[in-house]
2 protein chains.
Amino acid sequence: MRLLPQPATENIQLTEVLRALSDPVRLEIVARLAAAGQMNCTVAGDALGIHKSTASHHYRTLREAGVVRTEQDGRLKYMSLRHEDLESRFPGLLPAILTATSLHRTPTTSEGTVSATAEARASAGSR
Amino acid sequence: MRLLPQPATENIQLTEVLRALSDPVRLEIVARLAAAGQMNCTVAGDALGIHKSTASHHYRTLREAGVVRTEQDGRLKYMSLRHEDLESRFPGLLPAILTATSLHRTPTTSEGTVSATAEARASAGSR
DNA sequence: CGTATAGTTGGATCGTTGTCAAACCATGGG
DNA sequence: CCCATGGTTTGACAACGATCCAACTATACG
């Protein structure tokens, strides 16, 4: 369970977090992470219908901004929200954003079927 | 007291708000607006040490994102935060961001302090 | 070892953005 | 009516970002 490099909590910058979350694809990833707890990269890419290299770019952006942590377990990498770190540095910010995304959810690309698959796979891969 | 065109409350998009606030200069404008209540455009530009056309661009970005309202009174235009509109659409978001900016403020918002200006300009200019 | 799987990296493309400068527009005062 | 003042618009420029494809790396499994 190797943890990929990420900024220390005290070095997380507000503008970078906001920038990371200002992209619809990344906001969607974060919303799904909040619901699922964690997520493997391929699942995220498949669910969002984007190329895997594009997905990889978004994971990196989120990780470097300090929004998510990535742990490698074998061939898989699992992302999860840095909830406590963000809360301690920007109290209330992430909850407010997650509330907003759930309030104004857009009927995204085949949300129901794909997200069901994504969740099934995500939970099957977790332990 | 003419009100400049702005998006209706229900049309304010989260990603656009986050995008608008992800620029250090605009975040500084918003922080000062929160402290001062309202602000005239030239004052903001002078205080931030940026060209007036650049400032104008940022005002427009903030207004079009739904973050600020602009009212024209004679030759002057006053900006103020759309606090209630944002609160009704994204509860807790703006307060959390303002809290974050005041928690991790570089120098304080007193006028005349130019170091904040220099830093904002430096990071913005080094894109 | 060889192969399949998971993800990254580099290159190419194309649109967006922050900045300044200069010209422009609008408003109120003399 | 003209001019000074407050802001906007346009143009140019350099940097950034999102995306895809193809090639690459790394890990596990047989």
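Chain letters run A, B, ... following the sequence lines, proteins first, then strands; residues in each count from 1.
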At 4.0 Å (heavy atoms only), tell me whether [X] reaches a base, stays on the sugar-phosphate, or touches nothing.
X	answer
H58(A)	sugar-phosphate
R2(A)	nothing
K52(A)	base

Starting from [atom2] on [N], measure out to [atom1] on [X] and report it in whole angstrom.
X	N	atom1	atom2	value
N40(B)	dT27(C)	CG	C1'	14 Å
I29(A)	dA18(D)	CD1	P	11 Å
M39(A)	dA6(C)	CE	P	15 Å
R19(B)	dA18(D)	CZ	C1'	12 Å
L62(B)	dG7(D)	CG	P	15 Å
Y78(A)	dT27(D)	OH	C1'	13 Å
D73(B)	dT5(D)	CG	P	19 Å
L4(A)	dT27(D)	CG	P	11 Å

field: Same apolar cluster (I L V M F W Y, side chains within < 4.5 Å links), L21(A)/L98(A)
entry: yes
- request: Flag yes if L27(A) and V25(A) sit in one hydrophobic cluster, no otherwise; membership is Ile, Leu, Val, Met, Phe, Trp, Tyr, and two members link when side-chain heavy atoms are under 4.5 Å apart.
  value: yes
- request: Determine whether I50(A) and H58(A) make a side-chain contact, defined as any pair of heavy atoms from C-beta on separated by less than 4.5 Å.
  value: yes
- request: Could you tell me whether the side chains of R2(B) and Q72(B) share a donor-acceptor contact shorter than 3.5 Å?
  value: yes
field: Axis deviation across the helix from dC1(C)-dG30(D) to dG30(C)-dC1(D), five-pair ends, to the nearest 10°
entry: 20°
Closest nucleotide among [options] to the [X] side chain:
X	options	result
I50(A)	dG18(C), dG7(C), dC20(D)	dC20(D)
H51(B)	dG7(D), dG18(C), dA21(C)	dA21(C)
Q72(A)	dG7(C), dC21(D), dT27(D)	dT27(D)

query: Between T70(B) and Y59(B), is a side chain to side chain contact (heavy atoms under 4.5 Å, CB included) present by the stated rule, with each step listed?
result: CA-CA 9 Å; T70(B) 306; Y59(B) 312 145; 5.6 Å; no
- prompt: Between D23(A) and R75(B), which has a closest nucleotide on DNA chain D that is more 5'?
  reply: R75(B)
- line: Per nearest nucleotide of DNA chain D, the residue lying toward the 5' end, K77(B) or R26(A), is K77(B)
Distance-only donor-acceptor test (3.5 Å): side chain T42(A), base dA6(C): no
query: Atom CG of L33(A) and atom CG of L62(A): how far apart are they, to the nearest 0.5 Å?
result: 8.0 Å
Any [X] side-chain nitrogen or oxygen under 4.0 Å from OP1 or OP2 of [N]:
X	N	answer
T54(B)	dT19(C)	no
H57(A)	dA18(D)	yes
R60(A)	dG7(C)	no

task: Return yes if some donor-acceptor pair links the side-chain N/O of H83(A) with the main-chain N/O of L94(A) below 3.5 Å, else return no.
output: no
task: Start with the C-alpha gap between R19(B) and R26(B), add the side-chain angles, then the distance that decides, and say whether side chain to side chain contact (heavy atoms under 4.5 Å, CB included) holds.
output: CA-CA 10 Å; R19(B) 175 90 187 74; R26(B) 288 192 292 264; 4.0 Å; yes
